Engineer: 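Take a look at the following structure, please.
Given the structure is predicted, the values throughout are model-derived calculations rather than measurements. Numbering starts at 1 and runs along the sequence shown. Counting starts at 1 for both ligands and their atoms, in listed order.
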Amino acid sequence: MDTPRLHGTPLSHFTRKVRIVLAELGVAYEFVRGPGVLATTTAVYGGNPLMRVPTLVHGAHMLIESDHIARYLVRQYDPADRLGVCSERVLALNRLAVVNGVMSNEVVLLLARRGGLADLDGVAYFRKLRAAIDQGLAWLEAHTDPEADGLDYGDIVTICLWQHLEHYALVTGLDAYPRVAARVARWADRPAIAATTPAAALAEAEAAGWRPA
Ligand SMILES: N[C@@H](CCC(=O)N[C@@H](CS)C(=O)NCC(=O)O)C(=O)O
């Protein structure tokens, strides 16, 4: 089949999940960088009608939703699922839901700010999203074992969330979550992780001539 084509943006943490899975599985792919996520034509998002990234195009298939893409890749390239991408353990499912929820809340707040709203905390719903970020991080802290064996998909998504939070600094008080920080630090030098940090992805994109919209 053709080389998979991944549509994303350099700083998208949802896209990064897929990039790390591709690298861990040793799958070569083409990374198509869109100009940003405020454009309103689906072509910019690889055909995703929801106008979000990531989108994976592989042969005749177009897939959206980072976790669905990761599952598709595992089925294609790693049926043994060494990273536990398809795990249905309750803890794994809840971890994924909490990380995704915190990521999504952060995206809403960042895009509201980027769209011109200066006083995020003046909107009751946005205050709730912030509170849920704090509660979600506290849940992760309580359910993270920094010494657990092996890198799994739960670690990958947590790393993407954590380093994105550090990059944007929209959320303060990250030092309240030392177990999460320790778990992330444990894998920080792994090639697939180090090569896709926000700073590395941005530098790579700029070197390739990418400019944000
Ligand atoms: N549930 C989606 C979320 C994707 C998502 O929200 N991506 C962000 C970039 S990190 C985006 O494109 N946001 C634009 C928007 O929400 O309109 C997934 O897992 O792929």
Engineer: Can you tell which of Arg95, Arg183, Arg186 makes a salt bridge (Lys or Arg N to Asp or Glu O under 4.0 Å) with Asp155?
Structural biologist: Arg183

Engineer: Could you name the option among Met103, His164, Met51, His68 that has the heavy atom nearest to atom 17 (O) of ligand 1?
Structural biologist: Met51

Engineer: Could you give all pairs that pass the side chain to side chain donor-acceptor pair (under 3.5 Å) test and reach residues 31-44, with sequence neighbours left out?
Structural biologist: Arg33-Glu204

Engineer: How far does CD1 of Ile156 sit from CG of Leu83, to the nearest 0.5 angstrom?
Structural biologist: 4.5 Å

Engineer: Number the atoms of ligand 1 from 1 as they appear, then name those within less than 4.0 Å of a heavy atom of Pro54, with their elements.
Structural biologist: 20 (O)

Engineer: Ser104 near ligand 1, heavy-atom distance under 4.0 Å?
Structural biologist: no

Engineer: So which bit of Asn100 gets within less than 4.0 Å of ligand 1, heavy atoms only: side chain, backbone, both or neither?
Structural biologist: neither

Engineer: Please state which protein non-hydrogen atom is closest to atom 12 (O) of ligand 1 and give its distance, to 0.1 Å?
Structural biologist: Val53 N, 3.0 Å

Engineer: Between Glu106 and His13, is any side-chain donor less than 3.5 angstrom from a side-chain acceptor?
Structural biologist: yes

Engineer: Below 3.5 angstrom, do we get any N/O pair linking Val37 and ligand 1?
Structural biologist: no

Engineer: What residue and atom, counting heavy atoms only, is the protein's closest point to atom 20 (O) of ligand 1, and at what distance?
Structural biologist: Ser66 N, 2.9 Å

Engineer: Could you check whether any heavy atom of Thr15 sits closer than 4.0 Å to an atom of ligand 1, since that is the contact criterion I want to use?
Structural biologist: no

Engineer: Between ligand 1 and Arg52, is the shortest N or O to N or O distance under 3.5 Å?
Structural biologist: yes

Engineer: In sequence, state the C-alpha distance, the side-chain angles, and the governing distance for Asp67 and Lys17, and then conclude on salt bridge (Lys or Arg N to Asp or Glu O under 4.0 Å).
Structural biologist: CA-CA 8 Å; Asp67 298 325; Lys17 287 156 66 170; 3.0 Å; yes

Engineer: Identify the closest protein heavy atom to atom 13 (N) of ligand 1: which residue and atom is it, and at what distance?
Structural biologist: Val107 CG1, 3.8 Å

Engineer: Could you tell me, atom by atom, which parts of ligand 1 come under 4.0 Å of a heavy atom of His13?
Structural biologist: 10 (S)

Engineer: Assess whether a salt bridge exists between Arg82 and Glu24, defined as any Lys/Arg side-chain N lying under 4.0 Å from an Asp/Glu carboxylate O.
Structural biologist: no

Engineer: Does the N or O separation between Asp67 and ligand 1 drop below 3.5 Å for any pair?
Structural biologist: no

Engineer: I'd like to check which ligand 1 atoms, numbered from 1 as shown, lie under 4.0 Å from a non-hydrogen atom of Ser12.
Structural biologist: 9 (C), 10 (S)

Engineer: Which residue holds the protein heavy atom closest to atom 2 (C) of ligand 1, what is that atom called, and what is the gap in Å?
Structural biologist: Glu65 OE2, 3.4 Å

Engineer: Evaluate the side-chain proximity of Ile20 to Arg16: yes if any heavy-atom separation is below 4.5 Å, no if none is.
Structural biologist: yes

Engineer: Residues two or more places apart in sequence or in another chain: which of them pass salt bridge (charged side-chain N to carboxylate O under 4.0 Å, His left out) with Arg130?
Structural biologist: Asp121

Engineer: Under 6.0 Å from the CD atom of Gln135, do we count more than 12 heavy atoms belonging to anything else shown?
Structural biologist: no

